[in-house]
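Inspection log for the structure reproduced underneath, given as structure tokens.
Below, read A as the first sequence line, B as the second, and so on, with proteins coming before strands; counting in each chain starts at 1.
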There are 2 protein chains.
Amino acid sequence: MPKAQITIKDIARELQVSVSTVSRALNDSPDLSAATKKKVQDYAKLHHYNPNFLALSIKKRESTIIGVIVPEVTHHFFASVVEGILEVADREGFSVLLFRSHEQYDKEVRSVQRLLSSRVCGVLTSVAKETTRYDHFQELVDNDIPVIFFDRICVDIPTNRVVIDDYAGALTATEYLINTGCRKIAFFCSPMHLEISKNRRGGYMDALRKHGLPVDHDLIKICDNYDDAIPVATEMLQSENKPDAFFAVNDETALGILHATKQLHFKIPDEVSICGFTDGFAAIASDPQLTTVGQNGFDVGVSAMELLLERIRYKGADAMLKNRIIRTKLIVRETTR
Amino acid sequence: MPKAQITIKDIARELQVSVSTVSRALNDSPDLSAATKKKVQDYAKLHHYNPNFLALSIKKRESTIIGVIVPEVTHHFFASVVEGILEVADREGFSVLLFRSHEQYDKEVRSVQRLLSSRVCGVLTSVAKETTRYDHFQELVDNDIPVIFFDRICVDIPTNRVVIDDYAGALTATEYLINTGCRKIAFFCSPMHLEISKNRRGGYMDALRKHGLPVDHDLIKICDNYDDAIPVATEMLQSENKPDAFFAVNDETALGILHATKQLHFKIPDEVSICGFTDGFAAIASDPQLTTVGQNGFDVGVSAMELLLERIRYKGADAMLKNRIIRTKLIVRETTR
DNA sequence: TTGAAAGCGCTAACAA
DNA sequence: TTGTTAGCGCTTTCAA
């Protein structure tokens with residue numbers, strides 16, 4: 001923060017009025033002569049006066065900066081969420097302090113620390129894969145800073161959450177696979193301590209049960225990225241217990257499976273069906289185009305931000321432990337029958 | 001910023017010492033008895049004291065928040081840049097206030113305004129497509145706030161820049177197409193007022209000239225996204241003047257062209273070669289996999305942030321109008337011979 | 001080794 | 001209608 005920008009004090013001095021007069025004029029206070037007000041406002045505009053948000057925050061003990069921590073910015077889903085958040089924030093006059101945990105616990109803790117020191121008025125976050133303790137988030141709550149979890153939520157802390165309807169999304173997708181004739185459906189997902197993994201697996205399993213299909217645990221793999229998916233899928237496809245369909249926790253993984261399947265010259269979707277989760281641009285770019293469960297990240301961001309605004313504005317209105325569920329949509333393209 | 005967090009004043013009161021003692025202890029000042037220092041530090045730790053960055057900034061007249069404005073967070077390249085920035089920022093103790101212009105001039109102006117009010121210590125940005133006036137950026141410079149442009153730079157303002165080597169990238173890619181036998185190479189790019197368009201077109205044209213090929217302006221289109229590319233490419237492929245290669249300003253556009261080409265059943269790469277620019281995940285997901293000019297967004301972000309740190313730390317060291325050029329790398333995959 | 005006090009930019013009683 | 005003043009959390013002279 002170099003060469004100080006112009007302050008109300010500067011204006012007061014130049015215009016030979018008191019700082020409070022300037023403050024009132026700039027805040028368009030009613031008890032002020034129109035002439036004075038105009039004089040000050042004109043001068044301010046002319047000299048590009050910008051209110052110092054830092055001073056304002058410290059004085060009014062409330063800031064207009066919200067903190068956001070995401071695991072990874074380059075993941076299409078999280079990038080969309082951030083865009084949704086920025087959209088609402090911009091409209092409502094808030095700014096966003098962004099952090100990336102890179103899936104690491106200690107980075108997440110450090111980010112929370114900075115957020116605390118920055119006196120943000122709220123935090124929106126999706127927890128890192130590595131994280132299994134939640135004291136840092138609890139500290140935010142203890143300091144009365146509203147926390148909204150989205151997607152990768154933390155069930156230990158009672159607060160607002162915005163989740164994708166993982167269970168329903170997985171159930172619908174799996175049922176679709178079953179209804180199109182698949183019988184041995186493999187499931188690739190993230191580590192099981194994450195709620196989204198539990199929920200998606202729940203949907204997957206219930207779909208199988210509902211249709212009288214056995215749950216084969218050899219068909220369930222912890223594998224959630226492109227590179228790892230290729231060898232894992234290859235091995236499964238060459239085994240005795242070859243699946244006739246794959247359902248993956250994200251598009252990258254599904255596309256890795258697709259790659260492996262094509263290399264082994266299996267017909268898609270006739271011999272092997274594949275379904276992803278997310279619906280990023282790559283799902284359209286692939287050939288055959290990927291069937292996937294679309295999760296609208298932008299809406300998640302918008303909802304999370306809206307929930308936060310409610311918390312900030314009607315703080316009296318107790319609890320407000322509202323949750324929001326964002327519906328998914330099965331987008332059938334070419335990797336399923 | 002709800003229920004005030006603990007302050008040095010609270011600590012001073014509880015410990016029956018003065019605020020200056022607390023301040024000194026927390027800053028590990030040498031002229032203080034070890035006992036007092038320890039007492040204060042222990043108390044602070046125990047009670048989760050977090051220094052108030054706002055107060056600090058206002059007092060020291062320097063903040064540790066940098067502003068970043070990108071056109072779009074969901075574009076893979078920009079998301080990578082943001083990650084690079086966050087990486088260095090985190091390591092060096094800075095926080096990032098993120099804005100998205102959504103390619104709109106007025107949003108960009110509003111973002112700069114907020115950055116000014118937030119008293120950030122520097123700004124990293126890539127200008128919106130819509131932007132043709134630069135007063136808002138000039139205002140940052142006028143207030144001695146270091147501005148670093150990356151990728152979509154602004155040549156009117158003398159400051160640091162980090163650019164992709166667009167010219168060389170385009171030249172290399174075009175030459176590769178020529179060397180593999182392509183003779184009628186179409187070029188799809190963004191609006192011409194952007195420097196990146198000029199530079200990439202420059203590389204494209206120079207490659208043609210160097211190899212004695214004519215520049216056919218019917219083969220140059222302003223078209224830079226997936227959806228628009230499909231009809232435009234389709235029409236070209238059905239015309240008399242059918243190109244035997246396409247070079248596009250980004251992967252999305254190249255993938256749109258790929259889609260159109262496949263629909264018309266042209267053999268790729270034998271009848272039609274395609275080359276993109278960026279190298280996002282979709283380039284790997286596509287089939288055939290996309291040949292593209294890889295631009296390392298992460299490195300751009302890292303370089304931009306490093307340049308900013310130099311500016312902040314050695315502000316005396318005059319000018320420092322260093323630029324950084326990030327090299328591209330032609331990644332040959334399956335859409336070229 | 002410690003404390004008192006001023007001041008960063010701003011707002012909001014309280015006075016005038 | 002306007003000014004004076006205190007104070008938000010903190011650092012930093014200057015004194016003690």
[N] [atom2] sits how many Å from [X] [atom1], rounded?
X        : N      : atom1 : atom2 : answer
A/Asp31  : C/dC14 : CG    : P     : 15 Å
B/Arg61  : D/dT12 : CZ    : C1'   : 14 Å
A/Lys59  : D/dC8  : NZ    : C1'   : 6 Å
A/Ile58  : D/dG7  : CD1   : P     : 15 Å
B/Arg119 : C/dG9  : CZ    : C1'   : 8 Å
A/Asn52  : C/dC10 : CG    : C1'   : 8 Å
B/Lys9   : C/dG3  : NZ    : P     : 16 Å
B/Ile8   : D/dC8  : CD1   : P     : 11 Å

Less than 4.0 Å between a side-chain N and a carboxylate O, is that true for A/Arg161 and A/Glu195?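 Not counted as a salt bridge, because no side-chain N and carboxylate O are separated by less than 4.0 Å.
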
Sidechain N-carboxylate O distance under 4.0 Å for B/Glu306, B/Lys322: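 Looking at B/Lys322 together with B/Glu306, the answer is no, because their closest N to O distance does not fall below 4.0 Å.
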
>> Quick check for you: to the nearest 0.5 Å, what is the distance between B/Leu124 atom CG and B/Ile148 atom CD1?
In response: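 CD1 of B/Ile148 is found 6.0 Å from CG of B/Leu124.
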
**Item:** CG-CG distance between A/Leu307 and A/Asn160, expressed to the nearest 0.5 angstrom
**Value:**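 Those atoms lie 4.5 Å apart.
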
Quiz item: Which residues within residues 16-30 of chain A lie with some heavy atom under 4.0 Å of an atom in DNA chain D?
Solution: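 A/Val17, A/Ser18, A/Ser20, A/Thr21, A/Arg24, in order of number.
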
| Does B/Ser57 make a side-chain N or O approach to OP1 or OP2 of C/dC8 shorter than 4.0 Å? |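 It does not, given that no N or O in the side chain of B/Ser57 lies less than 4.0 Å from OP1 or OP2 of C/dC8.
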
**Item:** Below 4.0 Å: OP1/OP2 of D/dC10 and any side-chain N or O of B/Tyr49
**Value:**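 It does, given that an N or O in the side chain of B/Tyr49 lies less than 4.0 Å from OP1 or OP2 of D/dC10.
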
Quick one: salt bridge (charged side-chain N to carboxylate O under 4.0 Å, His left out) pairs with a partner in residues 36-49 of chain A, sequence neighbours left out?
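Residue pairs with at least one partner in residues 36-49 of chain A: A/Asp28-A/Lys37, A/Lys38-A/Asp42.
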
(message) Would the distance check show the side chain of A/Glu83 and the main-chain N or O of A/Phe298 forming a donor-acceptor pair, the cut-off being under 3.5 Å?
(response)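 No; zero donor-acceptor contacts below 3.5 Å.
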
